[in-house]
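Below is one structure, written out as structure tokens; the observations come after it.
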There are 2 protein chains.
Amino acid sequence: MLRGERTRAAVLEHAIGIASVEGLDGLSIGRLAAELEVSKSGVFARFGSKEELQLATVAAAREVFVDAVVRPAFEAPPGLARLWRLCAGWLTYSRERIFPGGCFFASAAAEYDARPGRIRDAVAAALTDWSSTLARAAEDARQLGQLESTCDIRQLTFELAALVDAANARSVLHGDDSAYDLARTGVRTRLLALATDQDALPD
Amino acid sequence: MLRGERTRAAVLEHAIGIASVEGLDGLSIGRLAAELEVSKSGVFARFGSKEELQLATVAAAREVFVDAVVRPAFEAPPGLARLWRLCAGWLTYSRERIFPGGCFFASAAAEYDARPGRIRDAVAAALTDWSSTLARAAEDARQLGQLESTCDIRQLTFELAALVDAANARSVLHGDDSAYDLARTGVRTRLLALATDQDALPD
DNA sequence: CCCCTTTGTGAACGATCGTGCTAAATCCTT
DNA sequence: AAGGATTTAGCACGATCGTTCACAAAGGGG
């Protein structure tokens, strides 16, 4: 009962790395088994089907993301400081290649967005979760009087997410890390334009 | 010499549709042959290898994109009007699903961004081309005095591209077409903030 | 220490993949 | 209409895919 969990974790650790580079479809049980030097059926039996393996990979990646981005940001107080740390932390998460192929969910979303099914649903749920976290932090900031009361939270969070996603895409595709500076500048400009007190924005 | 071109075009037309949904890797010669009701080797022989087929698909998609977005925008005069039509046209191109899976290059870029090779290079070149077109239009606007002379063209075009890409991603993944309105609002806000004459921005 | 459950192995299956090869069908030229 | 070149069909190959099944190894509880 302990051994099983250990190999399962080892499989998923490799799987998220492969999937972030080659895609969730590029995950093959045979390849996974070969690289981990175990038998193919050993890997297979642990998940029951390829789709289940893919879903488990998405869930594992979600935990990695939360640990890398969300959890640290929640050390900051609710409101503008937390919102900023979510964005800045996301940029760091992408730049440091927590997943070797850049943001796991950016890859997975693009791969499955037009293909209905459980995988797409799982990826969409993860991204909805991220959007909500961002929106919640922005709404807190507004209600705390740190952002102008008239500001459109949906518009703001859409733009923030767009900027950080674009930085990830450009960095991975073109190897151009200046995109992170552009995104950072964009995020700060957006926040400063709506902030009631410029000094409430850290860094 | 005519027959060959005709089937080649038919293959590529189907290929771009499949690839925009299932990815360039999801393209299989056998499937393509079955759906077009021709022989597998007939399809294969026309391209010589799968990679060559994929590269031809990227090239074909590029032409579709130029026809749908770039060419119409170039009917507008250089400068702010053209820049706006590039962005607005891109949003229409995505919303109308010129490719069934949303923007072909958003999919292809996410699929190959972390995998070196000729396909990645072709996709990257197409996106660089698009970025340059956007930047050129913005620079024209600046030199024509339609945008403030101090504005950062790289920052502006990065943000414009980020907004329209995010709208595509969100619409395809979540079926949420309000993203196009958010992107449109974001683009106009960015342009109006830098425009020297608010009435120079059409629509 | 033995038994029984959990966990992993090994071989095999049908399917599909990309890729050659050989012939037949089709087209264009003369 | 005939001949030569292009284009497509048909078949076979090795490889890899996901999946199944019968069996061996290992583990912990009585």
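For clarity, every value in this text was computed on a predicted model and none was experimentally measured. Per chain, numbering begins at 1; letters A, B, ... match sequence-line order.
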Assign B:V38 to base, sugar-phosphate, or nothing according to its heavy-atom contacts below 4.0 angstrom with the strands shown.
sugar-phosphate

When you measure only distances, ignoring hydrogens and angles, does the side chain of B:S41 come within 3.5 Å of the base of D:dG10 through a donor and an acceptor?
yes

Just how far, in rounded Å, is P of D:dT20 from NZ of A:K50?
15 Å

Separation of atom CG in B:D25 from atom P in D:dT16, rounded to whole Å:
16 Å

With a 4.0 Å cut-off, would you call B:E52 and B:R118 a salt bridge?
yes

Within this structure, what is the CZ-to-P distance between A:R8 and C:dG8, rounded to whole angstrom?
12 Å

Nearest whole angstrom, please: distance from the C1' of C:dT19 to the CZ of B:F44.
5 Å

Taking it one step at a time, do A:F65 and A:Y93 satisfy ring pair (Phe, Tyr, Trp, His ring centres under 6.0 Å)?
CA-CA 8 Å; A:F65 175 81; A:Y93 144 82; 5.1 Å; yes

Using a cut-off of 4.0 Å on non-hydrogen atoms, how would the nucleic acid contact of A:S39 be classed: base, sugar-phosphate, or nothing?
base

When you check the gap from the basic side-chain N to the acidic O, do A:R136 and A:E139 get nearer than 4.0 Å?
no

If you compare all heavy atoms of B:V58 against all heavy atoms of B:F105, which two are closest, and at what distance to 0.1 Å?
O-CZ, 4.1 Å

Side-chain N or O of A:R31 less than 4.0 angstrom from OP1 or OP2 on D:dT16?
no

Return the value, rounded to whole Å, for the distance between atom NZ of A:K40 and atom P of D:dG18.
7 Å

Given atom CG of A:L32 and atom P of D:dC17, what is their separation to the nearest angstrom?
11 Å

Does A:L27 reach a base, just sugar-phosphate, or nothing at all? Heavy atoms under 4.0 Å.
sugar-phosphate

Enter the distance from B:D152:CG to B:L156:CG here, rounded to the nearest 0.5 Å.
8.5 Å

From CG of A:L36 over to P of C:dT9, roughly how many Å is that when rounded to an integer?
11 Å

For the pair made of CD1 in B:I29 and P in D:dC11, what is the distance, rounded to whole Å?
19 Å

N or O in side chain of B:T7 less than 4.0 angstrom from D:dT8 OP1/OP2
yes

